[in-house]
Structure formats: structure tokens, C-alpha cells
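Structure first, commentary second.
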Amino acid sequence: MAATCVIGLQWGDEAKGKLVDLLAPRHDIVVRYQGGANAGHTVVSGSEVYKLHHIPSGILSGSIANVIAPGVVIEPSMLIREIEGLEARGIEPRKNLLISERAHIVMPWHFIEDKATNRAVVAGESIGTTNRGIGPCYRDKIGRTHAFRIADLMSDNLKAKVTDTVAAKLDVLRHIADPADLETLNADKIYDQCRVWAKSIGSLSIDSTNYLLDELDAGKSLLMEGAQGSLLDIDHGTYPFVTSSNASGVGVSAGSGVPARWINRVIGVTKAYSTRVGGGPFPTELSDETGQKIRDIGREYGTTTGRPRRCGWFDAVAVRYTARLSGVHYLSLMMMDVLSHFDSIQVCVAYDLRGQRITRFPCLAEDLRDCVPIYETMPGWNTDVSGVRKLEDFPLNARKYIERIEELISVPVGVLSVGPDREQTIFLI
Ligand code: GDP
Ligand code: IMO
Ligand code: MG
């Protein structure tokens, strides 16, 4: 037994939550290992819709363990609300949720910093973060001097550390932040808040690194739940229009503490088209009625922020890059139903970059911005496929589309999704 990874291959929201929920019963432990409350993972179970931000999407699968590993940044108030929200719906996350003592905490000043620094970074365009304090928290983690981890909530030194850090933060933030926001930075109040957090989630905290290594040695199988998507990876994505963690497959080991030798299957999740929320280059974006049609049919509005998602055709140049980067064995091709009613469908097979045809995903956002997609046009299937449950039952043109994607990415499709419900899924693996 070993570890299966579910990784987003685009700019997030590929429906990783749906796939993790479906695969969870085949595993012993589900692990979230990077990102934080910037993630919004939707699981649909019958008439119930769950939106998870920190808690792994295995939480609805009975008693299997769900671990929040060291690479995640946790906003405890939101995590507690998430736990209570599940409890109100009859789920008992406190029975099987474990939180790493090493995970860092998004502190109140991180929200203020996120707001104050979310300004234009390249040519008048801003990153458009989720305003969840993610970048500032990871910045302090790397900086080490003003970082708080879950273990700190239980430390005798907590009060002094909060007092010192609030003073240091005020020194810097008074030059860049809204003065009204700074009034909330009161050391005594923040210390009291930390005590409330410790009381609520302290008992869930463990040394998840040794726990997972022990469980692997004991033959248990792990399901690693990626957040965001590979194109938002801090090192390999469309920098600076990315998130602050390694959101591609390369981040699994660092964030979870599970060494690469245990990872034996990587499933890359991609929509049958593309979406992006926030700023940054997006070559196949459709700013016309076709883009709006995809947005309307796919209900493409952010799970975390409610922002309309930018929509466009499938970009095989980008997904080929991320499938290789993330070491993907199988594709999980989602939202096939959303393309049900098109006479023709475009697939981007190369870019024209200042007169040159390229098939290699460019390194610089400035270059990607200048890339004009070169499309291959495929006939649509103009048939509702949301009721399809077998590969053979897809219309011929839909099957041709699936085969073309496999060919362009050089990875077989292992899962197909034709709607948000669990039953609207075809497993070929
Ligand atoms: P995640 O962040 O990758 O987990 O994805 P999100 O939950 O943010 O966004 C995916 C959205 O698509 C959710 O609302 C899902 O319920 C929905 N969804 C999942 N699979 C399908 C599908 O095959 N078709 C359609 N129409 N919607 C889907
Ligand atoms: P899931 O896990 C889609 C985007 C933001 C912004 C950029 C940086 O649901 O797929 P951040 O708040 O992380 O500093 O924002 O990354 N972003 C996401 N887009 N899905 C997500 O998560 C995202 N998490 C962050 O919109 O462009
Ligand atoms: Mg999402």
C-alpha cells in the first residue's frame, strides 16, 4: 500500500474535492498538505452540498482518518467554523480529523497584509488573491522570526510571543495598511483568541509526520489531496500570478512529509475546458458569449470568494506541461457535461508567440500574455451527456474529444465526470 495523489492541472477548481471524496473509501487516510482557506473544495452527497476549505474531502467517508499536514496554513477561526458547520449537519469531524503541530497559523495581521499588498504587480495587473492571508503567512513561515505554528498555541511562551509580534507588525504595517484595520491588532485580544483556538483544536493536534510514516510502514494507504492547481505553483506556475505554495505534484512530499518513494499513483484533474480566478495570463480565455455560456452552464463562480471565474477552451499546451511536471499517471477529465451543447469545440494545441509557433509552456508571465492560441477545431456532440455512465455510451464526437486529449497530453484518461454528483462519474481505472 502507498500513496495516491490528486493534483489540479490547471488554475484550480478542477473538481479535486469531488474526486477525493469518491476515492477516499478506497484509502485509509486522506491528507491535505498545502494551501489553506484559499481552497474551496466542493463535495456533493445526494442533496447535500459541502464546501471544504481546510478539512480534507475524505471527511464525509465515515471513519477514515483525515490529516491536515505541516505544509497547510490554517486560519483557526475558519477551521473551527468549518468543523461546527459539519457538526450541525450530523458529521463528527472531531472523531477523525488530525492537525499537524507543525502547520503554520494565519494570524490576524496576515489578512491586513494581504489586503494592503494586493496591488498591481505586473503591467497594472494584480494577483487578485483570495484575501485569506495566505501569501503573508507563508512569507512569515519562510522568514521564521514572526511565525506561529499550531504547537505555539499550547506553549507557555505564547503571550510574550504574541506581544512581541504585534509590536513588530505594527511598526511595519502602519506604513502600508489602512489605519482602521490596525485597530484590531491588540495583543491581549489576540492572545485571548489564541487560547480559544487552543481549547477548540489543541486536542486534535499531533506529530503528523511520524504518524503518517508509521501508518505507511504498517501498510496503510494514503490519498493526498492537492489544493489549487499546478499552474498556480509558486515555483513552476505562472509567477507572479500564483499562490504561495507548491500546488503541483512536486509539493506532495515537502508539504506532507511523505517521501517520494511511497507515491505510486498520481491522478491529474482537469476540466474539459479551462478556468481561472484572479489575475494573470490566460491564453485561451474567451471574453465573449461563448465564455459566458461556459460560465453559465458550468456555474463557474468561485467556491471561496464567489467571484466569476474566467472561462476558455482547453489548453493542451498548459496541461501537457503540468501533467509532466506533476508526474501524472491518469487524467481525471471533469465537466464533460458542460460542453454538451456546442456545434464545435476548440482545443489549443500550440501558441503563436510573437510570430513563432511554440508547444513548450513559456516560463515568463510576460511571454504567456503574448501567446495567441493556435486552435484545432473539433465537432461538438450537441447531446446532453450528464446521464452517461459508461464510456461506450458517450456520443462518438465526445469519445473523439476524449481520445484527442489523451493523445495531446500523452496520458490516458482514467476518470470521466459528467456532473457534480457522485454517480455522475465513470471510472476506467
Ligand atoms: P476544487 O477546488 O478543485 O475541489 O473544485 P471546486 O469545488 O472549487 O469547483 C468545482 C465545481 O464543479 C463544484 O461546484 C462541483 O460541484 C462541480 N463539479 C464537479 N464535477 C463536475 C462535473 O463533471 N460537471 C459539472 N457540471 N460540475 C461539476
Ligand atoms: P482550489 O483548491 C482557484 C488563486 C487566487 C489568486 C491566486 C493567489 O479551490 O482549487 P492566494 O489567496 O492563494 O494568495 O491567491 O491563486 N487561487 C485559487 N484559484 N482555486 C483555488 O483553490 C485557489 N486558491 C488560490 O484566485 O489568483
Ligand atoms: Mg475550488
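Whatever order the structure lists ligands and atoms in, that order sets their numbers, starting from 1.
Salt bridge status for Glu125 with Arg369: present, with a side-chain N to carboxylate O gap under 4.0 Å. In this structure, Asp421 does not pair ionically with Lys18, as no charged nitrogen and carboxylate oxygen lie closer than 4.0 Å. Between Asp152 and Lys161 there is a salt bridge, since at least one side-chain N of the basic residue sits less than 4.0 Å from a carboxylate O of the acidic one. The residues Arg399 and Glu392 are annotated as not salt-bridged, no charged nitrogen and carboxylate oxygen being separated by less than 4.0 angstrom. Note on Lys400 versus Glu403: no salt bridge recorded, every NZ/NE/NH1/NH2 to OD/OE distance being 4.0 Å or above. Ion pairing between a basic and an acidic side chain is recognised when a charged N comes within 4.0 Å of a carboxylate O; Lys16 and Asp21 show no such pairing. Checked for salt-bridge contact, Lys95 and Glu92 meet the test: a charged N lies under 4.0 Å from a carboxylate O. Between Arg295 and Glu300 there is no salt bridge, since no side-chain N of the basic residue sits under 4.0 Å from a carboxylate O of the acidic one. Salt bridge annotation for Arg310-Glu285: present, with a cationic side-chain nitrogen under 4.0 angstrom from a carboxylate oxygen. With respect to Asp13 and Lys271, no salt bridge is recorded, no charged nitrogen being found less than 4.0 Å from a carboxylate O.
Using a 4.0 angstrom heavy-atom cutoff, Arg307 counts as in contact with ligand 2. Distances shorter than 4.0 angstrom do not occur between any heavy atom of Thr305 and any atom of ligand 2. The shortest separation from a heavy atom of Gly128 to ligand 2 is under 4.0 Å, placing the residue in contact. Gly40 counts as a contact of ligand 2, since one of its heavy atoms falls under 4.0 Å from the ligand.
Any N or O atom pair closer than 3.5 Å counts here, and Gly40 shares at least one such pair with ligand 1. When only interatomic distances are considered, the shortest N/O to N/O separation between Gly419 and ligand 1 falls below 3.5 Å.
The closest non-hydrogen atom to atom 12 (O) of ligand 1, taken over Met335, His53, Lys51, comes from Met335. Which of Asp337, Val44, Asp21 comes nearest to atom 24 (N) of ligand 1 through a heavy atom is settled by distance: it is Asp337. The closest non-hydrogen atom to atom 18 (N) of ligand 1, taken over Ser332, Pro420, Ser340, Gly17, comes from Pro420. Scanning Lys271, Arg422, Gln228, Lys16 for the heavy atom closest to atom 1 (P) of ligand 1 points to Lys16.
Using a 4.0 Å cut-off between heavy atoms, Asn38 contacts ligand 2 through both its backbone and its side chain. If you look at Lys16 next to ligand 2, the close heavy atoms, those under 4.0 Å, all belong to the side chain. Counting heavy atoms under 4.0 Å from ligand 2, residue Arg132 does not touch it at all. Of all the heavy atoms of Ile127, the ones lying under 4.0 Å from any atom of ligand 2 are found in both the backbone and the side chain.
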Derivation and outcome, side chain to side chain contact (heavy atoms under 4.5 Å, CB included), residues Thr4 and Leu222: CA-CA 6 Å; Thr4 296; Leu222 269 47; over 6 Å; no
Pair Phe148-Trp197, ring-ring contact (aromatic ring centres under 6.0 Å, His included): steps then yes or no: CA-CA 13 Å; Phe148 286 73; Trp197 292 342; 9.3 Å; no
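Both the sub-6.0 Å distance and the 45° axial angle are satisfied by Arg26 relative to the ring of Phe427. Cation-pi geometry between Arg89 and Tyr50 is met: the NZ or CZ atom falls under 6.0 Å from the ring centre, inside 45° of the normal.
Close approach of ligand 1 to Val418 (heavy-atom distance below 4.0 Å) involves ligand atoms 23 (O). Residue contact check: Arg309 has heavy atoms under 4.0 Å from atoms 8 (O), 9 (O) of ligand 1. Proximity to Val338 (heavy-atom distance under 4.0 Å) selects the following atoms of ligand 1: 26 (N). Residue contact check: Gly278 has heavy atoms under 4.0 Å from atoms 27 (O) of ligand 2. Set against the non-hydrogen atoms of His41, the atoms of ligand 2 under 4.0 Å away are 1 (P), 2 (O), 9 (O). The atoms of ligand 1 that sit less than 4.0 Å from any heavy atom of Ser417 are 20 (N), 21 (C), 22 (C), 23 (O). Atom numbering of ligand 2 starts at 1 in the shown order; those under 4.0 Å from a heavy atom of Trp11 are 3 (C), 19 (N). Set against the non-hydrogen atoms of Ala39, the atoms of ligand 2 under 4.0 Å away are 1 (P), 2 (O), 9 (O), 22 (O). The ligand atoms of ligand 1 that sit less than 4.0 angstrom from a heavy atom of Lys18 are 19 (C), 20 (N). The distance from ligand 2 to the heavy atoms of Ala227 drops below 4.0 Å at these ligand atoms: 2 (O). The His41 neighbourhood of ligand 1 comprises atoms 1 (P), 2 (O), 4 (O), 7 (O), with distances under 4.0 Å to a heavy atom of that residue.
Below 30°, between 30° and 60°, or above 60°: for Trp313 and Phe342 the angle between ring planes is above 60°, a perpendicular geometry.
The protein heavy atom nearest to atom 4 (C) of ligand 2 is Leu232 CD1, 3.9 Å. Looking at atom 7 (O) of ligand 1, its nearest protein heavy atom turns out to be Thr42 OG1, 2.6 Å. Of the protein's heavy atoms, Ala15 CB, 3.5 Å lies nearest to atom 19 (C) of ligand 1. Protein heavy atom in closest approach to atom 27 (O) of ligand 2: Val277 O, 3.1 Å.
Lys115 contributes atom NZ, which lies 3.5 Å from atom CG of Asp181 (distance to the nearest 0.5 angstrom).
Ring-centre distance between Phe282 and Trp11: below the 6.0 Å cut-off.
The atom of Asp13 that is an N, O or S and sits closest to the Mg ion (ligand 3) is OD1.
Here the closest heavy-atom approach between residue Pro70 and residue Lys141 is recorded as O-NZ, 4.0 Å.
At least one N/O/S atom of Gly40, from backbone or side chain, sits under 2.8 Å from the Mg ion (ligand 3).
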